[in-house]
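To find a chain, count down the sequence lines: A is the first, B the second, and so on, and within it residues start at 1. All values below come from the heavy atoms of this structure, side chains included, with hydrogens, waters and symmetry mates left out.
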Amino acid sequence: MAEKDVEISFKKDTVSKLLSSFFKEDKTKLSGDATRLMVEMLKVFVQEAAVRSQKQAESEDCDQVDIEHFEKILPQLLLDF
Amino acid sequence: MSVDTEETHQRLKAAVHYTVGRLCQKIGEDHRRQFSRQAIAAIAETTFRQCDIFAKDLEAFARHAKRSTVSVDDVKLVARRSTALSIYIQNKSDELTQEHMSLKKKTTAKRKNIETEEESRE
């Protein structure tokens with residue numbers, strides 16, 4: 001099995017545009033380092049969502065991770081973030 | 001103005017969905033359990049909405065510190081609820097600082113080299 005050396009993450013540009021689009025004021029900007037950290041934070045968020053959903057599916061003896069599994073772990077996920 | 005924002009959001013949503021899909025695929029492979037398309041879409045949507053919350057918080061923290069540019073300190077505050085997350089973000093922040101320092105050293109070393117080269121030529 002070939003090793004996947006490429007690390008999957010959000011593009012810095014995407015995260016920057018995404019967060020900026022939600023700012024209430026036009027003058028609010030995002031520093032380069034802050035953007036890089038938010039890239040990491042979002043990756044952790046998605047990974048937590050996925051791994052917790054996976055564990056939920058496992059605990060229910062399901063072969064596939066379905067939306068119901070994600071819905072069950074969602075409240076705690078949001079509280080933890 | 002609002003039409004532009006809608007289009008931008010659609011494009012950004014698609015970008016988020018793409019990366020979320022890839023991350024879920026990898027985790028699915030690691031645990032040999034596939035994610036349904038609905039599950040991936042739900043995770044992507046939630047991530048997108050969470051960014052709204054993050055952005056508003058970041059902006060509020062920056063404004064509270066009387067800044068208009070969101071900084072690393074603001075991000076650290078957003079990560080405050082979970083100890084593990086705080087530590088993780090702190091470590092990443094330290095890595096960035098290290099990078100900046102080593103970059104500074106390289107640039108200073110380069111400059112010194114160029115200066116000595118010029119001196120030896122004269």
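Atom-to-atom distance recorded for B/Gln34:CD and A/Gln64:CD is 6.0 Å, nearest 0.5 angstrom. The structure places SG of B/Cys51 at 6.5 Å from CE of A/Met38, a figure rounded to the nearest 0.5 Å. A distance of 10.5 Å separates NZ of B/Lys13 from CG of A/Leu18, quoted to the nearest 0.5 Å. For the atom pair NZ of B/Lys92 and CG of A/Asp33, the computed distance is 13.0 Å after rounding to the nearest 0.5 Å.
Contact detail for B/Ala15 and A/Thr14: the closest heavy-atom pair is CB-CG2, 3.7 Å. Looking at every heavy atom in both residues, A/Asp66 comes nearest to B/Ser36 through OD1-CB, 3.5 Å. What you find for B/Arg33 and A/Cys62 is that their closest heavy atoms are NE-O, 2.7 Å. In terms of heavy atoms, A/Leu30 sits closest to B/Thr69 at C-CG2, 4.1 Å. Residues A/Ser31 and B/Ser71 share a closest heavy-atom pair of OG-CA, 4.1 Å. When all heavy atoms are compared, the tightest approach of B/Leu85 to A/Phe81 is CD2-CE2, 3.6 Å.
Listed by chain and number, the residues in a side-chain hydrogen bond (donor to acceptor under 3.5 Å, both in side chains) with B/Glu59 are A/Thr28 (sequence neighbours excluded).
Among residue pairs with one or both ends in residues 67-77 of chain B, those qualifying as salt bridge (Lys or Arg N to Asp or Glu O under 4.0 Å) are B/Arg67-B/Asp74; sequence neighbours excluded.
Only the backbone of A/Asp63 comes within contact range of chain B, with heavy atoms under 4.5 Å apart. Both the backbone and the side chain of A/Glu25 come within less than 4.5 Å of a heavy atom in chain B. When heavy atoms are compared at a cutoff of 4.5 Å, A/Phe23 approaches chain B by way of both its backbone and its side chain. Proximity to chain B (any heavy atom under 4.5 Å) is restricted, for A/Ser9, to the backbone atoms N, CA, C and O. B/Ala62 does not touch chain A: none of its heavy atoms, backbone or side chain, sits under 4.5 Å away. Both the backbone and the side chain of B/Ile43 come within contact range of chain A, judged by heavy atoms closer than 4.5 Å. The part of B/Arg63 that comes within reach of chain A is its side chain, from C-beta onward, which places non-hydrogen atoms under 4.5 angstrom from that chain.
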- Message: Run the side chain to side chain contact (heavy atoms under 4.5 Å, CB included) test on B/Thr19 and A/Lys11 for me, step by step, so that the C-alpha distance in whole Å, both residues' side-chain angles and the decisive distance to 0.1 Å come before the verdict.
- Response: CA-CA 9 Å; B/Thr19 307; A/Lys11 285 210 192 119; over 6 Å; no

- ring pair (Phe, Tyr, Trp, His ring centres under 6.0 Å) between A/His69 and B/Phe35, worked out: CA-CA 10 Å; A/His69 305 129; B/Phe35 281 79; 9.4 Å; no

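The hydrophobic cluster containing A/Ile67 does not contain A/Leu78, counting ILVMFWY residues as joined when their side-chain heavy atoms lie under 4.5 angstrom apart, directly or transitively. In the hydrophobic clustering of this structure, A/Val44 groups with B/Phe48; members are Ile, Leu, Val, Met, Phe, Trp, Tyr whose side-chain heavy atoms approach within less than 4.5 Å, directly or through other members.
Ranked by non-hydrogen atom pairs under 4.5 Å with chain A, the options B/Cys24, B/Ser82, B/Ala42 are led by B/Ala42. In terms of heavy-atom pairs under 4.5 Å with chain B, the best-connected choice from A/Lys43, A/Gln47, A/Arg36 is A/Arg36. Taking chain A as the reference chain and counting heavy-atom pairs below 4.5 Å, the highest number among B/Val20, B/Val16, B/Val75, B/Ile53 is found for B/Val75. When each of A/Thr35, A/Leu42, A/Leu79 is scored by its heavy-atom pairs under 4.5 Å with chain B, the top score falls to A/Leu42. With chain A as partner, the option from B/Thr47, B/Asp52, B/Ile40 having the largest number of non-hydrogen pairs under 4.5 angstrom is B/Asp52.
For the pair A/Lys29/B/Ser68, no side-chain contact is recorded, criterion being any heavy-atom separation below 4.5 Å from C-beta on. Considering only heavy atoms from C-beta on, B/Gln25 stays 4.5 Å or farther from A/Ile8 through its side chain.
Listed by sequence position, B/Leu96, B/Glu99, B/His100 are the residues of residues 94-105 of chain B in contact with chain A, using a 4.5 angstrom heavy-atom cutoff.
The main-chain N or O of B/Leu12 is never found under 3.5 Å from a side-chain atom of A/Lys17 such that the two would form a donor-acceptor pair.
More than 12 heavy atoms of other residues, nucleotides or ligands lie within 6.0 Å of CZ in B/Arg80, so this atom counts as buried by the packing criterion. Within 6.0 Å of atom CD in B/Gln38, 12 or fewer heavy atoms from other residues, nucleotides or ligands are found, so the atom counts as exposed in its surroundings.
Checked against a 6.0 Å centroid threshold, the rings of A/Phe10 and B/Tyr18 do not count as neighbours.
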Under 3.5 Å, which donor-acceptor pairs do the side chains of residues 70-77 of chain A form with other protein atoms, sequence neighbours left out?
residue : atom : partner : partner atom : Å
A/Lys72 : NZ   : A/Glu60 : OE2          : 2.7
A/Gln76 : NE2  : A/Asp80 : OD1          : 3.0

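Between A/Phe45 and B/Phe54, the ring planes lie perpendicular to each other; the angle is over 60°, past the 30° to 60° tilted range.
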